[in-house]
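Input: one structure, supplied below.
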Amino acid sequence: MSETATTAASTASETTAPSAAVSVNGLVKRYDQVEAVRGIDFQVTAGEIFGFLGPNGAGKSTTINMLCTLVRPSGGSAQVAGHDVVSERDEVRRNIGLVFQDTTLDGYLSAEQNLRLHAELYGVPRELVGERMRQVMEMVGLWERRDSWVNTFSGGMKRRLEIARGLLHSPRVLFLDEPTVGLDPQTRSSIWRYIRELKAREDITIFLTTHYMDEAEYCDRIAIMDQGRIIVLDTPEALKAKVGKDRVQIQTDDDHAAIAALRERFQIEATVAEGAVTFGVPAGEQFVPRLFAELGQPIRSVSVARPSLDDVFMSYTGTTIRDAESTSTDRMRNVARMMSR
Amino acid sequence: MATETTQPLTGIPGSDGRPSTQGGSTPHEIARVRVPTRSLRSELRAIKVVWKRELIRFSRDRLRILTSLMQPFLFLFVLGTGLSRLASAGTHGVNLRTFVYPGVLCMAVMFTAMFSAASLVWDREFGFLREMMVAPVRRSSLVLGKCAGGATVAGFQGVIVLCLAGLVGVPYNATLIVEVFALQLLLAFAITAFGVMVAARITQMQSFMALMQMAIMPMYFLSGALFPVSGLPQWLEILNRLDPLTYAVDPMRRAVFAHLNISAAARHALDPGVTWWSWHVPGLVEAAVVALLGLLMLTIAIVEFGRAE
């Protein structure tokens with residue numbers, strides 16, 4: 001973990017390291033007048049789980065589509081698995097696996113037929129197909145269901161099958177666009193188990209987008225994207241450390257007195273949130289003993305929480321991811337309203 | 001970990017000795033797959049894959065097979081039988097069912113081919129098109145596979161109608177069957193190409209079906225599938241000659257009528273053949289017109305799909 005933190009610091013360097021699975025320089029995508037992606041730079045080291053985090057409409061999917069050669073960049077360049085996404089499109093395609101937000105399975109075929117079709121499209125050697133298919137399907141726990149029609153699968157099973165299919169041709173980079181969106185919490189956690197297991201078993205780099213803060217924690221490094229730009233890129237731990245403060249909540253008999261005492265003795269501004277006196281301090285655990293000793297007010301209970309990525313997002317954008325999402329939907333609605341006039 | 005992954009794909013993954021937590025195999029047994037670079041062979045394989053999928057899907061869809069067979073039956077046995085009582089004077093003793101048979105042979109193929117092309121719109125709506133579009137193959141291979149699949153499925157439907165020949169007084173003759181079947185395949189290919197060309201632009205099923213109906217129905221009625229093409233009022237004759245389908249129906253009728261034992265008067269009235277400014281257009285030229293149009297639409301379809309992001 002610590003070594004990825006140090007590589008994170010050197011992402012600004014312009015040179016493309018030979019081990020970079022994805023390398024992006026000044027990538028731009030313009031749709032008519034809208035700039036969906038406004039010049040982004042980053043590198044993904046081979047073997048890591050790299051997450052793109054941001055609200056809907058931040059430009060995550062557009063970026064992933066450019067890296068997958070589905071959308072042509074308006075400017076800048078990108079290499080995936082050492083190949084340029086514009087000039088070496090087929091080479092890129094051969095080396096990547098894709099799992100999209102929406103299903104791309106053929107519901108009228110069986111699970112196995114879907115995979116065989118994929119194997120043939122990608123030219124997987126015939127003698128390897130059977131063995132490889134069994135592996136990927138066993139990994140996502142669908143081997144027993146291989147003869148069932150895909151239409152009879154639940155949303156979670158379909159997503160698992162898509163992950164299996166994306167891996168069938170042993171890609172060097174697996175792209176997952178919102179792999180858990182629309183799934184129930186249990187299925188979400190099982191999808192994550194597969195992703196983490198995958199990293200342990202296969203020689204692969206995983207690039208994913210998500211707008212769930214809790215999922216971003218599973219990534220080795222994350223880039224926070226908002227309004228077409230990368231705001232910050234680092235390990236989840238480092239990002240949270242940069243926020244710098246743990247959240248401490250205390251239950252007291254007299255909240256006003258406690259807040260006054262905090263201001264007086266520690267110069268800390270506290271507020272009442274969620275029915276408790278809430279404030280942020282660096283290194284919360286070490287602060288708690290002092291709090292008990294010096295506050296001079298009875299404390300009934302205390303809780304210390306590490307900063308979440310929600311706090312990180314908020315500290316960089318000044319808004320929560322949920323608020324950012326609602327404003328971007330409002331923006332889209334306004335545009336739609338204007339166009340329909 | 002990080003440096004390991006820069007090795008070529010033939011490297012053994014999981015060599016850090018981490019134990020597997022699930023599944024029957026250990027990390028060391030994982031089969032590596034090296035995807036070969038693009039070649040003519042891989043393109044041919046892509047065509048085959050798309051073609052095969054079309055056949056699998058068609059064989060699964062019994063309802064579609066049934067409904068597409070219903071129309072020919074209605075035209076042949078209900079309309080043909082019902083109207084024959086009115087028309088017997090004008091047909092010189094030839095049963096009306098026999099007369100409309102070549103037109104019905106065309107129809108069976110047309111509607112199936114059209115539905116095949118329509119599945120492309122479904123594929124887009126249900127996402128599967130994306131799976132094909134990101135594969136390391138040419139878009140033209142996908143379009144070719146789709147057209148080949150549509151033509152095969154429609155050809156199969158045509159064979160069923162071909163089997164009914166005996167019921168309408170058309171003999172089972174080897175030359176006739178081969179001729180008709182070849183023409184059916186040609187027509188099926190052209191119609192699928194037409195549909196795929198439209199599907200490249202139209203992304204919604206409702207609009208696609210509406211547009212196809214709007215194109216196919218007038219084409220069918222103007223083509224002379226249901227009436228002889230000589231002695232028509234001038235406006236209808238012009239429209240008839242402009243209709244591409246005319247050039248599929250006419251050789252089909254000629255092939256069928258060549259094997260009927262009927263009077264010269266009947267032949268003259270019912271199978272006059274298409275003329276261009278009183279030049280009698282040979283069947284081969286007519287087939288060539290259909291083939292050229294099919295190729296033209298195929299080319300447009302390939303260009304359109306190649307451009308799509």
ask   = Who among A/T104, A/I96, A/L117, A/T69 has the most heavy-atom pairs with chain B under 4.5 Å?
value =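 Greatest number of close heavy-atom pairs with chain B: A/T104.
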message = Please classify the contact of A/R116 with chain B as side chain, backbone, both or neither, using a heavy-atom distance under 4.5 Å.
response =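 No part of it gets close to chain B.
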message = Using a 4.5 angstrom heavy-atom cutoff, name the option from A/L98, A/L109, A/V92 with the most pairs to chain B.
response =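 Among the listed options, the one with the most contacts to chain B is A/L109.
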request  = Please flag which part of A/D102 lies under 4.5 Å from any non-hydrogen atom of chain B: side chain, backbone, both or neither.
outcome  =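 Nothing of A/D102, per the 4.5 Å heavy-atom cut-off to chain B.
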request  = Using non-hydrogen atoms and a 4.5 Å limit, figure out which bit of A/W149 sits close to chain B: side chain, backbone, both or neither.
outcome  =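 Contact with chain B is through the side chain of A/W149 alone.
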request  = Side chain from CB out, backbone as N, CA, C, O: work out which of these in A/E162 comes under 4.5 Å of a heavy atom of chain B, or both, or neither.
outcome  =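 It is neither, since no heavy atom gets under 4.5 Å.
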inquiry  = Does A/S61 form a side-chain hydrogen bond (donor to acceptor under 3.5 Å, both in side chains) with A/D177? I'd like the steps, not just the answer.
reply    = CA-CA 7 Å; A/S61 290; A/D177 194 6; 3.1 Å; yes
message = If the test is salt bridge (charged side-chain N to carboxylate O under 4.0 Å, His left out), which one of B/K48, B/R41, B/R45 qualifies with A/E120?
response =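 Answer after filtering B/K48, B/R41, B/R45: B/K48.
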query = Side chains of A/V28 and A/E35: does their closest heavy-atom pair fall under 4.5 Å?
reply =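 In short, these two side chains touch, coming nearer than 4.5 Å.
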task = For atom CD of B/Q204, decide whether the heavy atoms of other residues, nucleotides or ligands shown that lie under 6.0 angstrom number more than 12.
result =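 No.
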message = Within the structure provided, determine whether B/L164 and B/F73 are in side-chain contact (heavy-atom separation under 4.5 Å).
response =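 Of all side-chain heavy-atom pairs linking B/F73 with B/L164, at least one is under 4.5 Å.
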